[in-house]
Asks: 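Quick one: the structure is below, questions incoming.
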Amino acid sequence: MANDTVSAIGGATSAAETQWDLWEVFTQEGEGAPHEHAGSVHAATAEHAMQNARDVYARRGKVVSLWVVPTGAIIASAPGDAGPLFDPGNDKAYRHPQFYKTPRGVRGL
Amino acid sequence: MTDQKSPTSAPAAGSTDDAAQVAEFEARIAQGESIEPKDWMPERYRKQLTRMMSQHAHSEIVGMLPEGNWITRAPSLRRKMVLLAKVQDEAGHGLYIYCGTETLGIGREELVDQLLTGKAKYSSIFNYPTLTWADIGVIGWFVDGAAIVNQTMLAKASFGPYARAMVRICKEENFHKKQGYESVATLANGTPEQRAMVQDAVNRWWWPSLMMFGPSDKDSPNSAELIRWRVKRDTNDTLRQRFVDLTVPQARAVNLTLPDPDLRYNEETEHWDFGEIDWTEFHEVISGNGPCNRERLAARRKAHDDGAWVREAAQAYAAKRDAVTAA
């Protein structure tokens, strides 16, 4: 699988002296909702990243939980791999319930 | 903010992009697909987006200065809280867009450096001074109103990270416009002095606000390409007209006049016709000779330099902690 030198989600990996590391931010908007990618922040440490993520992505609204992840730690699929990875498998009809016959009159299947 | 820029090299001149890849890319765009950072894209698309997005991010950051100027002098605690929240939002908006720009493969520090050295542009509107308290209301109404017209379009941009940043910004920006209009309406219904003050602010900000949409279509070399790549959906003039049509009735509702003798409703087109923009002023401000260009850049440079010790201290703390953990 192809892997770019650019970080997984495309952020630059420039490490100039005064530029803090890049962290990806995920927010959960409401109990039970999935964490979704919101954007990124620069920060020197994990706690710092959490604080910046709060200030930038949870100033208002429904955010109930935050994840911060070092950008370089994310492994992403490459666009070129989309075909084989995400083949819908339409030729495998047996993966769908419609493929199977049920005796007449049977319910709740 | 909008697409204001100095001329660039001719499209595709000297481009090394593979024709088949370009065709495939353009087919994806035509189908309304979203382009993501790791997808192949023409160098020119990457360059145009980097320019446009960083210019937009810089505008948010520089845009804090004219309004920040009035935080300590806001007339009530309510207005002060509102203004603080708005200026904080502008900082956040700048960060959303910088982070989107970074996915194109350029570091934020380099982008900031381009702003501080004067290599990158930002919206011309922020080079005008905020002379009275009424300016703050009028900025929310006109400047944020114009920004919403532009950003609502950009929320459908073909580049995913830009579009997503715009969606996030548009959600927050409506508060900016409404607080501004409320403040304007309050002054417009106030004492004769307050009325005169807000009318004066309207008179000063109207034309620069129309200039925010960038050069007229016949003088906008980038538009066709940006529209073909669906970075933009509408031309500068279309967006400008949309803003005028929205704003004229709002001005009438609070009995304020817009400083344009040629402004009249056109029954045929069902749009408000307006007078010619002073493009000489626009180009002067864009090229660095507006009333506050030097002051704005000097303020940004000072803020950046004054913050150097904070950046260094955080890094030193992280390094020290790493050393302790390793030991």
Side-chain angles (χ1 to χ4, degrees), chain A residues 1-27 29 36-63 68 70-72 74-83, chain B residues 24-25 28 33 35-41 46 50 85-86 88-89 91-113 159-161 164-165 167-169 171-172 175 304-305 307-322 325:
Chain A
M1 205 165 293
N3 231 326
D4 294 359
T5 45
V6 175
S7 78
I9 18 211
T13 44
S14 120
E17 200 187 348
T18 54
Q19 173 145 305
W20 299 326
D21 291 341
L22 198 57
W23 302 70
E24 298 303 322
V25 179
F26 298 80
T27 56
E29 300 208 349
E36 283 187 358
H37 184 242
S40 61
V41 291
H42 285 273
T45 65
E47 296 91 323
H48 186 202
M50 185 59 82
Q51 187 58 51
N52 285 352
R54 195 225 73 89
D55 289 347
V56 178
Y57 295 101
R59 273 198 307 290
R60 60 162 78 82
K62 318 178 280 277
V63 176
V68 289
T71 300
I74 294 180
I75 312 298
S77 62
D81 298 330
Chain B
E24 195 187 327
F25 172 84
R28 289 190 61 197
E33 282 184 37
I35 305 301
E36 293 297 331
K38 289 188 82 177
D39 294 346
W40 185 89
M41 61 185 84
R46 186 183 299 275
T50 306
K86 180 178 188 299
Q88 190 196 26
D89 272 355
H93 295 176
L95 292 175
Y96 298 160
I97 311 171
Y98 279 130
C99 118
T101 316
E102 283 184 293
T103 68
L104 289 161
I106 185 167
R108 186 175 72 191
E109 187 166 72
E110 193 178 339
L111 296 170
V112 170
D113 192 61
F159 187 55
R164 291 192 286 273
V167 169
R168 199 168 275 281
I169 288 177
K171 276 189 201 161
E172 299 182 346
F175 132 63
H304 192 74
D305 293 346
W309 73 269
V310 179
R311 295 191 292 279
E312 284 159 19
Q315 208 130 34
Y317 170 74
K320 190 171 140 193
R321 240 194 23 176
D322 285 349
T325 319

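It should be emphasised that the depicted structure is a prediction, and the values quoted were computed from it without experimental measurement.
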Asks: Can you tell me if CD on B/Glu33 sees more than 12 non-hydrogen neighbours from other groups inside 6.0 Å?
Replies: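 It does: B/Glu33 CD has more than 12 such atoms within range.
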
Asks: Please give me the minimum heavy-atom distance between B/Ala318 and A/Ala44, naming the atom from each residue.
Replies: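 Closest pair (atom of B/Ala318, atom of A/Ala44, distance): CB-O, 3.4 Å.
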
Asks: When rounded to the nearest 0.5 angstrom, what is the spacing between CZ in B/Phe175 and CZ in A/Arg60?
Replies: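 Output value for this atom pair is 6.0 Å.
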
Asks: Do A/Leu22 and B/Arg108 come close enough that some side-chain heavy atom pair is under 4.5 Å?
Replies: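 No; the side chains remain at least 4.5 Å from each other.
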
Asks: Are any side-chain N or O atoms of B/Tyr96 and backbone N or O atoms of A/Ala38, one a donor and one an acceptor, separated by less than 3.5 Å?
Replies: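 No.
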
Asks: Looking at every non-hydrogen atom in both residues, tell me the closest pair between A/His48 and B/Ala314 and how far apart they are.
Replies: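 Scanning both residues completely, I find the closest heavy atoms to be CE1-CB, 4.3 Å.
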
Asks: Looking at every heavy atom in both B/Asp39 and A/Pro79, which two are closest together, and how far apart are they?
Replies: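 It is OD1-CG, 3.2 Å.
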
Asks: Please tell me if the side chains of A/Arg59 and B/Glu172 come closer than 4.5 Å, counting only heavy atoms from C-beta onward.
Replies: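 SC-SC contact between A/Arg59 and B/Glu172 confirmed.
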
Asks: Using heavy-atom distances under 4.5 Å, tell me whether B/Glu36 contacts chain A through its side chain, its backbone, both, or neither.
Replies: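 Contact with chain A: none, neither part.
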
Asks: Can you say whether A/Ala43 sits under 4.5 Å from chain B via the side chain, the backbone, both, or neither, judging by heavy atoms?
Replies: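 Neither part.
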
Asks: For B/Tyr98, is it the side chain, the backbone, both, or neither that has a heavy atom closer than 4.5 Å to a heavy atom of chain A?
Replies: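 Interface part for B/Tyr98: neither.
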
Asks: Tell me, for B/Arg168 versus chain A, whether the close heavy atoms (under 4.5 Å) come from the side chain, the backbone, both or neither.
Replies: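 Side chain only.
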
Asks: Please report the C-alpha distance between A/Glu36 and B/Arg164 in whole Å, then the side-chain angles of each, then the deciding distance to 0.1 Å, and finally whether the salt bridge (charged side-chain N to carboxylate O under 4.0 Å, His left out) criterion is met.
Replies: CA-CA 12 Å; A/Glu36 283 187 358; B/Arg164 291 192 286 273; over 6 Å; no

Asks: Go through the atoms of B/Asp322 and report whether side chain, backbone, both or neither lie under 4.5 Å from a heavy atom of chain A.
Replies: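 The answer is neither part of B/Asp322.
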
